[in-house]
Amino acid sequence: MSSSQQIGEFIRRDFPQCKVTIDKVGNRGSTVRQEIGVDELRPGGTVSGPVLMSVADVAVYVAILGEIGVVALAVTTSLNINFLRKPAADRDVVGVCKLLKVGRTLVVGEVSLYSEGDDEPVAHVVATYSIPPKRSVGLSPE
């Protein structure tokens with residue numbers, strides 16, 4: 001099991017392009033967020049789909065790392081997103097993940113995405129990750 005701080009340091013080091021920050025991790029879940037600015041908007045003033053997908057993908061990854069430790073080789077094998085409503089262009093996107101299945105080689109997570117302060121989700125995501133064999137689990141990629 002890894003702490004929010006350990007996972008955050010790993011993501012900042014190995015994924016410097018990632019703008020998502022961790023609010024909490026544990027209990028087979030995570031909460032993450034991304035600040036929304038002009039760079040995250042598409043024409044029409046809505047948050048772009050790739051930004052929403054990224055927040056969801058990171059939410060699942062963080063939840064997994066919270067369960068199995070920092071494992072760089074865990075990778076997304078599928079991600080299905082349903083866009084439900086237009087996100088606010090002036091509020092953070094918050095991703096709340098719950099892991100549905102943690103198996104030996106596959107993990108399935110569900111993420112609800114929200115505009116900060118709104119109880120109605122803007123998108124719903126289900127993602128599957130492949131995790132490396134047990135001998136690699138918990139090893140830091142250094």
Side-chain angles (χ1 to χ4, degrees), residues 1-133 136-142:
M1 226 188 221
S2 293
S3 72
S4 179
Q5 182 179 348
Q6 290 171 316
I7 296 167
E9 288 171 3
F10 165 70
I11 289 183
R12 281 188 296 280
R13 182 185 68 235
D14 287 21
F15 300 95
Q17 72 280 11
C18 183
K19 296 180 181 181
V20 178
T21 59
I22 302 168
D23 284 355
K24 66 182 181 178
V25 62
N27 298 320
R28 293 175 66 114
S30 72
T31 302
V32 302
R33 71 177 53 243
Q34 180 167 334
E35 186 176 323
I36 300 302
V38 69
D39 291 341
E40 288 73 37
L41 301 180
R42 62 176 287 270
T46 190
V47 178
S48 74
V51 168
L52 295 174
M53 288 182 243
S54 177
V55 173
D57 195 33
V58 172
V60 176
Y61 192 47
V62 166
I64 291 169
L65 298 183
E67 289 300 306
I68 69 171
V70 175
V71 179
L73 297 177
V75 295
T76 311
T77 60
S78 71
L79 188 143
N80 181 33
I81 188 165
N82 293 296
F83 300 102
L84 304 174
R85 59 188 45 81
K86 183 178 178 178
D90 59 351
R91 290 187 269 158
D92 291 359
V93 169
V94 177
V96 179
C97 175
K98 190 70 183 162
L99 298 180
L100 303 175
K101 177 187 188 306
V102 179
R104 285 184 306 109
T105 59
L106 292 177
V107 178
V108 178
E110 176 179 55
V111 182
S112 294
L113 296 172
Y114 302 89
S115 289
E116 184 176 38
D118 192 345
D119 291 338
E120 292 295 318
V122 298
H124 175 259
V125 177
V126 176
T128 303
Y129 262 74
S130 175
I131 56 176
S136 300
V137 172
L139 298 178
S140 183
E142 298 177 341

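Going from atom CD1 of Ile36 over to atom CG of Leu52 covers 7.0 Å, rounded to the nearest 0.5 Å. Rounded to the nearest 0.5 angstrom, Arg104 CZ and Ile68 CD1 are separated by 13.5 Å. The OG atom of Ser3 lies 15.5 Å from the NZ atom of Lys24; values are rounded to the nearest 0.5 Å. Rounding to the nearest 0.5 angstrom, the gap separating the CZ atom in Arg12 from the CD atom in Gln17 is 13.5 Å.
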Begin from the C-alpha positions of Thr21 and Gln34 and carry the test side-chain contact (heavy atoms from CB on, under 4.5 Å) through to its verdict. CA-CA 6 Å; Thr21 59; Gln34 180 167 334; over 6 Å; no
Which is it for Glu35 and Glu40 under the side-chain contact (heavy atoms from CB on, under 4.5 Å) test, yes or no, and what are the steps along the way? CA-CA 9 Å; Glu35 186 176 323; Glu40 288 73 37; over 6 Å; no
Please evaluate residues Cys18 and Val58 with respect to the criterion side-chain contact (heavy atoms from CB on, under 4.5 Å), reporting the C-alpha separation (whole Å), side-chain torsions for both, the decisive distance (0.1 Å), and the verdict. CA-CA 9 Å; Cys18 183; Val58 172; 3.9 Å; yes
If you apply the rule side-chain contact (heavy atoms from CB on, under 4.5 Å), what do you find for Ile7 with Val25, and how did you get there? CA-CA 9 Å; Ile7 296 167; Val25 62; 4.1 Å; yes
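Using a 4.5 Å cut-off on side-chain heavy atoms (C-beta onward), Val94 and Val32 make no contact. Between Phe10 and Leu65 the shortest side-chain heavy-atom distance falls below 4.5 Å. You'll find the side chain of Thr46 stays beyond 4.5 Å of the side chain of Leu41, heavy atoms only. The shortest side-chain heavy-atom distance between Val107 and Leu99 falls under the 4.5 Å cut-off.
Looking at every heavy atom in both residues, Ile131 comes nearest to Leu106 through CG1-N, 4.3 Å. Between Pro132 and Val71, the shortest heavy-atom distance links the atoms CG-CG1, 3.2 Å. Taking both residues in full, the closest heavy atoms of Val122 and Pro87 are given as CG1-CA, 3.7 Å, listed atom of the first, atom of the second, then distance. When every heavy atom of Val62 is checked against every heavy atom of Ser30, the shortest pair comes out as CG1-CB, 3.7 Å. Nearest approach of Leu84 to His124, heavy atoms of both residues: CD1-N, 4.1 Å. Residues Ala63 and Cys97 come closest through the heavy atom pair CB-SG, 3.9 Å.
No side-chain donor-acceptor contact under 3.5 Å links Glu67 to the backbone of Ile64. Under a 3.5 Å cut-off, the side chain of Ser115 and the backbone N or O of Ala88 do form a donor-acceptor pair. Of the possible donor and acceptor atoms, none in the side chain of Asn27 sits under 3.5 Å from a partner among the backbone N and O of Gly29.
Every pair passing side-chain hydrogen bond (donor to acceptor under 3.5 Å, both in side chains) that includes a residue from residues 82-100 is listed here, sequence neighbours excluded: Arg33-Asp92.
Aromatic ring pairs are classed by plane angle as parallel below 30°, tilted from 30° to 60° and perpendicular above 60°; the pair Tyr61 and Tyr129 is parallel.
Here the options are Leu79, Thr76, Val125, Leu113, the test is side chain to side chain contact (heavy atoms under 4.5 Å, CB included), and the partner is Met53; only Leu79 passes.
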